[in-house]
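A short write-up of the structure that comes next.
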Amino acid sequence: PISRIGNIKTPSLFIIGGDDRRCPPEQGMCFWKGLKANGVKTDMHYYPNNGHAVSGIEENFNAEMNMVRWW
């Protein structure tokens, strides 16, 4: 939960879909900003026209490349 964000030290990558009905995008962005503010290694990629799963050839390729770069 966001209330314990100060305890998180694990590097985290966020892939956020703007139309995600399962995990509201604002919630993921808030979490990402909190980790970043606490000095945790983190990155976020936002896909405005995607839901919980990134779809579309270009968006999917971009998301996959960002995941590979992260590791």
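We number each residue from 1, following the sequence as shown.
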Transitive ILVMFWY cluster of Val68 at side-chain heavy atoms under 4.5 Å: who else is in it?
->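 ILVMFWY cluster around Val68 holds nothing else.
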Other ILVMFWY residues reachable from Trp71 by side-chain steps of under 4.5 Å |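 Result for Trp71 is Leu13, Ile15, Tyr47, Val54, Met67, Trp70.
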For atom OH of Tyr46, decide whether the heavy atoms of other residues, nucleotides or ligands shown that lie under 6.0 angstrom number more than 12.
->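 Enclosed: over 12 neighbouring heavy atoms sit under 6.0 Å from OH of Tyr46.
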Over 12 foreign heavy atoms within 6.0 Å of CD1, Ile2 =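 Yes, CD1 of Ile2 has more than 12 neighbouring heavy atoms, counting only those of other groups under 6.0 Å.
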[atom1] of [X] to [atom2] of [Y]: how many Å apart, nearest 0.5 Å?
X: Arg21; Y: Asp19; atom1: CZ; atom2: CG; result: 7.0 Å
X: Lys41; Y: Ser12; atom1: NZ; atom2: OG; result: 10.5 Å
X: Phe14; Y: Asp43; atom1: CZ; atom2: CG; result: 10.0 Å

Tell me, please, which residues at least two apart from Arg4 pass side-chain hydrogen bond (donor to acceptor under 3.5 Å, both in side chains).
->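 Partners of Arg4 by the side-chain hydrogen bond (donor to acceptor under 3.5 Å, both in side chains) criterion come out as none, since no residue qualifies.
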Taking only residues two or more places apart in sequence, or in another chain, which ones meet Ser55 in a side-chain hydrogen bond (donor to acceptor under 3.5 Å, both in side chains)?
->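 By the side-chain hydrogen bond (donor to acceptor under 3.5 Å, both in side chains) rule, Ser55 matches Asn50.
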Mind checking what makes side-chain contact (heavy atoms from CB on, under 4.5 Å) contact with Arg69, not counting sequence neighbours?
->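 Here the qualifying residues are Met65, Asn66.
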For the side chain of Thr10 and the backbone of Ile8, is there at least one donor-acceptor N/O pair under 3.5 Å apart?
->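 The answer is no, because no donor-acceptor pair under 3.5 Å joins these two groups.
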Heavy-atom pair with the smallest gap, counting every atom of Pro25 and Gly18 =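 Scanning both residues completely, I find the closest heavy atoms to be CG-O, 3.4 Å.
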Mind listing the side-chain donor-acceptor pairs of residues 26-39 below 3.5 Å, one per line with the distance, residues two or more places apart or on another chain?
from, atom 1, to, atom 2, distance (Å)
Asn38, ND2, Gly34, O, 3.3

